[in-house]
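For the single chain, residues carry numbers from 1 onward in sequence order.
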Amino acid sequence: MVGFGCPAWANEEDFRSIELFTGDQPDVVSSGRSPRPASLTAENVSVITAAEIAALNAHTLTDILLAIPGVQTIQNRTPGTVAPLMIQGSKWNHVLVLVDNVPINNLSDDVPDISSIPAQIIERVEVVKGAASSSWGSALGGVINVITKLPNTDRPVSGEVSASVGRSSTNDDRGELAGTAWNVGYYVSGGRLHSEGLLPNNHVDLDHVYGKFRHELSSRTSLTLSSLYTNNTSGQGVFSGINADQEIRQLLASATLESRPSDRLSLEGSVKTRMMNGQVWADSGGTVLQRSESDETSIFGCLNAGWRGDQNRISAGVDFEDAKVHVQVQRRANLIPFDRQAERVGVYFNDAFTVGRLALIPSVRYDHTGTGGELFSPSFGVTYALSDNSVLRGYTGRGYSINTLGSNDNTEKVWTSQVGFETGEIPYLWLKTTLFRNDTWNIGYAAPKAQQLKQGVEIEFKTLPVFHSSLSAGYTFIDSRDDQTHQRVPEVPHRSVKVGITYDNPSYFRALLIGNYVDWNANAGELSADDMLWDLHVGRSFAAGEGVDIELFFSIHNIFNGKQFTTLSQVNPGRWAEAGFRCRF
């Protein structure tokens, strides 16, 4: 949503930055398991790039998602602490989050910890809004695909060192190196985010180490190895005088072999793993009232084949997962164990068939979930290019989400339908609008199961820079109703607005002002607030020597000391500021 730095007054060539079909826009990866341009993407997809991430002065993935229309997060605490996530009102355990195509959703309740993914390692984030099960399996509400940085192929050594300091000793210190030597590309990163807490019992210590290595075995074959380790210890706040804390250690690793036997055919095989060990506890006056410990291990295998013909883009493959979880809950003297294991297999097929300006995009996937039954997820999309820079979209598909590694009753299901329009034909303006309808059923853990209907509209626009300044905005309206009572479902955002005002002049400085408003539709009788929160991010770069660039930056969060929360237990911090530097070489 945030803007890009461009000349003071845009000329004809600058329209390429928002055109749909020129090829300047990178292919979208998430929607169909193989790269597709915007003209062949029927789903509502948003993309945020590394340049936009840097302008946000972001700490973690949570800060990045705050800038994407249709994505709602409760940023009510210290950076690095748990942040609930929704896409167009879907529950946060309905959204599949991937890092290098490795799912980070836990096995206990299918919740992703987006606050533990450091922003530094991210090259781009792609968000698919609505059911994506025909490609990815358990993804009822959508997919967030985090694509990490690649090795620098132009130099043997390059890198960046950064540090920042803010209120309550909120420090974020990072470093990274990237390059290519002896036909092996590398990218390594490490850092520590620390804070005493912007709110009571809201401290955080987040350490991360990341590495990616890519070896070109031949002109058409490459091997990529990547691994991310995070250790996050944080306080989750105070609830009725009780302190809640957690410690989560997570390891993600993958090995991917890619080959292009011909210009049309691509093959990919990967082995991935996710290991998580964590504990959550509640105490009062130093006495532990409850403690839960969990150990999770998932091993994934994926095979994918892609074909690019004159009229077709086909992607087909097989996913395999061996999942194991052990949970132990201690309530005073009582010890409650929980053990589950499942072997999951998914087979999928996606096609994008074009006839002139029309594209037909059928997809289908069959999943043997091990614990959630046998599931069939079809979808069908269509796009029509009204011009070289305008497209109509339509999409419908069935999706599901397995809430726990438990019984069949915990599989929630949805039917998503979308109609959208995107254009860059209006001078100096890019515009996208999407109407959506999500029918969800089998909701909840106990009988009778609930059924809900969420329908609404999402509108985005972005201007090209004039005198180094640009404007972007997004509006999402959601009407969520219970099918039985027809009452509005509480704590599903009714309206949300995101505004970005960008000034980017390389000769002087860059500034980004972001406003974020969410009407959380709190339960009747509960105290809540829905002010619009404003953040300001400013940076100034200058050359410090040959090949060395230094940027000084600062951010003011919640400038007007607004309040936006659903309950008193989730009050957001007041105004706070931080400042730092980045040194690139």
Side-chain angles (χ1 to χ4, degrees), residues 20-43 45 47 98 100-102 123-124 126 128 132 134-137 143 145 147-154 180 182-187 212-226 254-272 300-320 345-366 379-383 385 388:
L20 295 174
F21 309 124
T22 61
D24 288 349
Q25 185 187 70
D27 282 352
V28 174
V29 174
S30 300
S31 58
R33 298 291 293 263
S34 65
R36 288 182 186 171
S39 58
L40 298 180
T41 303
E43 303 93 327
V45 177
V47 179
L98 306 159
D100 287 335
N101 288 334
V102 181
E123 179 63 28
R124 61 195 257 120
E126 301 168 348
V128 181
S134 61
S135 292
W136 293 103
V143 173
N145 192 15
I147 300 167
T148 60
K149 293 179 178 178
L150 288 169
N152 187 341
T153 58
D154 298 328
T180 300
W182 300 291
N183 204 32
V184 176
Y186 66 91
Y187 171 81
K212 176 181 283 186
F213 300 90
R214 184 179 179 90
H215 178 44
E216 300 295 336
L217 302 175
S218 70
S219 60
R220 290 184 175 270
T221 305
S222 64
L223 175 65
T224 303
L225 307 175
S226 66
S254 66
T256 302
L257 182 66
E258 300 172 271
S259 179
R260 290 190 174 273
S262 69
D263 293 338
R264 295 180 180 270
L265 178 64
S266 63
L267 301 173
E268 180 181 305
S270 61
V271 177
K272 299 171 284 190
F300 308 89
C302 302
L303 294 173
N304 178 274
W307 174 264
R308 292 193 183 193
D310 295 333
Q311 293 180 300
N312 290 74
R313 288 195 180 206
I314 297 173
S315 176
V318 179
D319 294 332
F320 171 80
V345 179
V347 181
Y348 61 90
F349 176 87
N350 305 316
D351 189 13
F353 178 74
T354 58
V355 181
R357 291 180 176 271
L358 179 68
L360 305 177
I361 310 168
S363 301
V364 64
R365 180 178 173 113
Y366 170 81
S379 70
F380 182 77
V382 59
T383 66
D388 287 344

4.5 Å side-chain heavy-atom contact, Leu358 and Phe353: no
Distance alone, cut at 3.5 Å: any donor-acceptor contact between the side chains of Thr148 and Lys212? yes
Would Glu258 and Ser266 count as a side-chain contact (heavy atoms from CB on, under 4.5 Å) if you check the C-alpha gap in whole Å, the side-chain angles of each, and the deciding distance to 0.1 Å? CA-CA 7 Å; Glu258 300 172 271; Ser266 63; over 6 Å; no
Heavy-atom side-chain proximity of Pro261 to Leu267 below 4.5 angstrom: yes
OH on Tyr187 to CZ on Phe213, rounded to 0.5 Å: 12.0 Å
Treating Ser315 as the side-chain partner and Asn350 as the backbone partner, does any N or O pair qualify as donor plus acceptor under 3.5 Å? no
With rounding to the nearest 0.5 angstrom, report the CG to OG1 distance, Leu257 to Thr221. 6.5 Å
Please step through side chain to side chain donor-acceptor pair (under 3.5 Å) for the pair Asp100 and Ser254, ending with a clear verdict. CA-CA 8 Å; Asp100 287 335; Ser254 66; 5.2 Å; no
In terms of heavy-atom contacts, Val143 and Trp136 come closest through CG2-CD1, 3.7 Å
Is any side-chain heavy atom of Val364 closer than 4.5 Å to one of Phe380? no
Find out whether Thr383 and Thr41 are in side-chain contact, i.e. whether some heavy atom of one side chain is under 4.5 Å from a heavy atom of the other. no
Any idea which heavy atoms bring Tyr186 and Thr180 closest together, and the distance? CE2-N, 4.0 Å
Sidechain-backbone polar pair: Arg313 side chain, Arg308 backbone, donor-acceptor under 3.5 Å: no
Can you tell if the side chain of Asn145 reaches within under 4.5 Å of the side chain of Val128, non-hydrogen atoms only? no
Does Asn312 use its side chain to pair, donor to acceptor, with the backbone of Ile314 at less than 3.5 Å? no
State whether the number of non-hydrogen atoms from other residues, nucleotides or ligands found under 6.0 Å of Asn183 atom CG is greater than 12. yes
Would you mind checking if Asp319 and Arg33 are paired as a salt bridge, meaning a charged N to carboxylate O distance below 4.0 Å? yes
In Å, rounded to the nearest 0.5 Å, how long is the span from CD1 of Ile361 to CG of Asp351? 9.0 Å
Quick one: do Asn101 and Ser270 satisfy side chain to side chain donor-acceptor pair (under 3.5 Å)? Show the steps, please. CA-CA 10 Å; Asn101 288 334; Ser270 61; over 6 Å; no
Is a side-chain N or O of Thr354 found less than 3.5 angstrom from the main chain of Ala359, in a donor-acceptor match? no
Distance in Å, Arg365 CZ paired with Phe349 CZ, rounded so as to fall on 0.5 Å steps: 14.5 Å
Heavy-atom closest contact (Phe320 atom, Val345 atom, distance): CD1-CG2, 3.8 Å
Residues passing the salt bridge (charged side-chain N to carboxylate O under 4.0 Å, His left out) test with Glu216, sequence neighbours excluded, are Arg214
Spatial distance of atom NE2 (His215) from atom OG1 (Thr224) [nearest 0.5 Å]: 11.0 Å
Is there side-chain contact between Glu268 and Arg260, with at least one heavy-atom pair below 4.5 Å? no
Leu150 CG to Ser226 OG distance, which is reported to the nearest 0.5 Å: 10.5 Å
Can you tell me if Ser218 uses its side chain to pair, donor with acceptor, with the backbone of Arg220 under 3.5 Å? yes
